[in-house]
Amino acid sequence: MIAAQLVPSPVGPLALLAREGVLVAAGFTAEPKEMFARLTPALQAEGLEIVDDLGAASEAALAYLAGDLDALDAVPVSQPGSPTRRRLHAALREVKAGTTVSYAELAERAGLPKTAARAAGSACAQNLIAPPSSPAIGYCPAVVDMAAITTAYR
């Protein structure tokens, strides 16, 4: 069963979804079903239950929102994907709050060549723990598309 909790935040409700204590999705929405719909069919088949307390994951999220920027580091997460995608997601979690890296640098941090920048961008876009529109447990907007900056639309 996938357990979901809404955690209040200054920018609106944060939906946290976990399976057996491991975070599988998170995002700023008042409707956990929105995040649940992005899970794999196998996880969706387990069903969704709204709970009052996810324990460590919700405690860490509240601590983060209260200013402890390292509070989320110990939260176990699981996301689907190829071994490369998983390495990129792991590298993304290593980007410290308040810092910026390019997609090429994220690729290198995952043990890939700089030319894998598109793969890094795709991993950010499909990150279930923090979709680009929902900075939460692995803040994707901290990763910058340098090509978009250097070739800005005019």
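Values below: all heavy atoms of this structure, side chains included; hydrogens, waters and symmetry mates excluded. Just so we're clear, the structure is a prediction, and the values are computed from it rather than from any experiment.
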For [X] and [Y], work out which heavy atoms get closest and say how close.
X	Y	answer
V77	V22	C-CG1, 3.6 Å
L106	A120	CD2-CB, 4.0 Å
A4	L48	CB-CD1, 3.7 Å
V95	T99	CG1-OG1, 3.4 Å
P76	G21	CG-O, 3.7 Å

Quiz: residues 6-18 side-chain donor-acceptor pairs under 3.5 angstrom, not counting sequence neighbours:
| residue | atom | partner | partner atom | Å |
| --- | --- | --- | --- | --- |
| S9 | OG | V11 | N | 3.2 |
| S9 | OG | G12 | N | 3.3 |
| S9 | OG | G12 | O | 2.4 |

Atom [atom1] of [X] and atom [atom2] of [Y]: how far apart are they, to the nearest 0.5 Å?
X	Y	atom1	atom2	value
L112	R87	CG	CZ	4.5 Å
L43	R38	CG	CZ	13.5 Å
K96	D70	NZ	CG	5.0 Å
L128	S78	CG	OG	9.5 Å
Q5	I50	CD	CD1	10.0 Å
H89	I129	NE2	CD1	8.5 Å

Quick check on side chain to side chain contact (heavy atoms under 4.5 Å, CB included): which of E49, M35, E46 does I2 satisfy it with? E46
Going by the side-chain hydrogen bond (donor to acceptor under 3.5 Å, both in side chains) test, which pairs reach into residues 107-117, not counting sequence neighbours? E105-R109
Backbone of A37 reached by a side-chain donor or acceptor of Q44 within 3.5 Å: yes
Between S82 (side chain) and R85 (backbone), is there a donor-acceptor pair under 3.5 Å? yes
Shared ILVMFWY cluster between M1 and L39, side chains joined below 4.5 angstrom? no
